[in-house]
Amino acid sequence: MAAWVRAAHGATALPVALRKLGEVFDAPVVRLCRLRHADPARPQYVVSHDATANLSEAGAPASCAAAVLGPYLGTAREGSIWAADTQEFHDLPRLQTALRARRLGATVVVPICQGPRVSDYLEMHFAHPLSGPETDEIEALAAILSEAWKDRAPGILLTTVERDTRRGPAAARPDTADPLAMANPYRLSRAEYRVCLLLRQGLTRDGLQGALAISRSTLNTHLQNIYAKTGVPSQADLVHLLMRDAAGHDIRGRAAHVA
């Protein structure tokens, strides 16, 4: 648990923390997934510890959060636990086959940070259906896992995925295009583009309102639209994305020269 708290603040690598959680709960696969509610079948970011990779030549199974939570995806209480046995996924044969190929008999999903359009889930996969005491143990710690993650350092998930992608296929490749690139990869409106430009230059919300001569509610609308298009959950994560160049390097020292 201490490793998870340290990882949320950047003091321990997230894959290391996931491995340690797997050891605590006897879960051979532990994954941290960020999903867009509008497209939950395709996780935006994934960081994994997978001790079953040698059991199957097929790729790792997709996120199980949507399959387990169903209509409660995006609204389930943070820190709650949602469990399902692999045999219950009979209406999702590809997912069921992928799990069985890795000899995984049960899945637990913990919503650790719910947003209006994007949410983060901790997924643990087990070799056998869980007993009552095993489920109780996870439930006792789930709220702590969620609280630690909600207090995380800005951009910690994005940074981990970028770093692991350069090392190998341990993480899903994120959509990390520069929102201010000439191609306008996120299809920002002119007003949204200006908000991003001023955020990159270091303006606060009050500074944005003054520079754009708009109300706080209009600014909030612009920000919510930008979050939805870029897939980030907060202003802190948006600023982190804006401060990365195409190679994933921090441009904070160069931001003042961006026009």
Side-chain angles (χ1 to χ4, degrees), residues 5-11 14 32-39 43-45 47 74-75 78 111-120 146-163 165-166 173-259:
V5 175
R6 291 195 300 270
H9 291 88
L14 269 174
L32 175 59
C33 302
R34 175 165 293 169
L35 305 182
R36 290 188 178 100
H37 301 166
D39 190 14
Q44 185 185 9
Y45 307 150
V47 180
T75 61
E78 294 168 337
I112 54 175
C113 186
Q114 295 278 43
R117 296 179 178 88
V118 178
S119 296
D120 295 339
S146 175
E147 288 302 319
W149 185 246
K150 288 190 292 183
D151 192 38
R152 68 190 179 279
I156 189 65
L157 179 56
L158 175 60
T159 301
T160 300
V161 174
E162 287 174 341
R163 181 175 61 247
T165 302
R166 291 195 291 271
R173 179 67 179 172
D175 187 1
T176 55
D178 179 3
L180 297 176
M182 291 183 63
N184 192 11
Y186 297 106
R187 301 296 184 262
L188 300 177
S189 69
R190 181 173 299 181
E192 292 159 3
Y193 187 95
R194 290 189 67 195
V195 169
C196 288
L197 182 64
L198 294 173
L199 279 173
R200 176 176 279 181
Q201 293 174 354
L203 271 67
T204 63
R205 287 200 178 210
D206 287 341
L208 289 170
Q209 280 186 254
L212 299 172
I214 57 177
S215 68
R216 178 58 64 97
S217 62
T218 299
L219 174 59
N220 287 339
T221 297
H222 289 330
L223 287 170
Q224 290 299 323
N225 289 338
I226 295 167
Y227 299 160
K229 292 179 179 181
T230 59
V232 300
S234 67
Q235 183 175 329
D237 285 287
L238 174 60
V239 170
H240 183 86
L241 177 62
L242 290 167
M243 292 301 178
R244 315 292 287 181
D245 64 16
H249 300 132
D250 195 310
I251 64 169
R252 223 168 293 267
R254 294 176 270 156
H257 302 290
V258 177

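From a predicted model like this one, the values you see are computed outputs, not experimental measurements.
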Within the 4.5 Å heavy-atom criterion, are [X] and [Y] side-chain neighbours or not?
X: His222; Y: Ile214; answer: yes
X: Leu32; Y: Ile112; answer: yes
X: Leu241; Y: Ile226; answer: no
X: Tyr186; Y: Asn225; answer: no
X: Pro154; Y: Val239; answer: no
X: Val118; Y: Val232; answer: no
X: Arg152; Y: Leu14; answer: no
X: Gln209; Y: Thr218; answer: no

Return the minimal non-hydrogen interatomic distance between [X] and [Y], and the atom names on each side.
X: Thr230; Y: Pro179; value: CG2-CG, 4.5 Å
X: Pro116; Y: Gln224; value: CG-OE1, 3.9 Å
X: Ser119; Y: Gly74; value: OG-CA, 4.1 Å
X: Glu78; Y: Gln114; value: OE2-N, 2.7 Å
X: Ile156; Y: Trp149; value: CG2-CH2, 3.8 Å
X: Leu188; Y: Cys196; value: CD1-SG, 3.9 Å

To the nearest 0.5 Å, what is the distance between [atom1] ([X]) and [atom2] ([Y])?
X: Thr204; Y: Gln235; atom1: OG1; atom2: CD; result: 8.5 Å
X: Leu208; Y: Leu199; atom1: CG; atom2: CG; result: 5.0 Å
X: Leu157; Y: His240; atom1: CG; atom2: NE2; result: 9.5 Å

So for atom CZ, which belongs to Arg194, do other residues, nucleotides or ligands contribute more than 12 heavy atoms lying within a distance under 6.0 Å?
no

Sub-3.5 Å donor-acceptor pair from the side chain of His9 to the main-chain atoms of Asp151, do we have one?
yes

Within the distance-only criterion (no hydrogens, no angle test), does the side chain of Arg117 pair as donor or acceptor with the backbone N or O of Ala228 below 3.5 angstrom?
no

Taking Arg216 first and then Asp206, would you say they form a salt bridge - that is, a charged N and a carboxylate O separated by under 4.0 Å?
yes

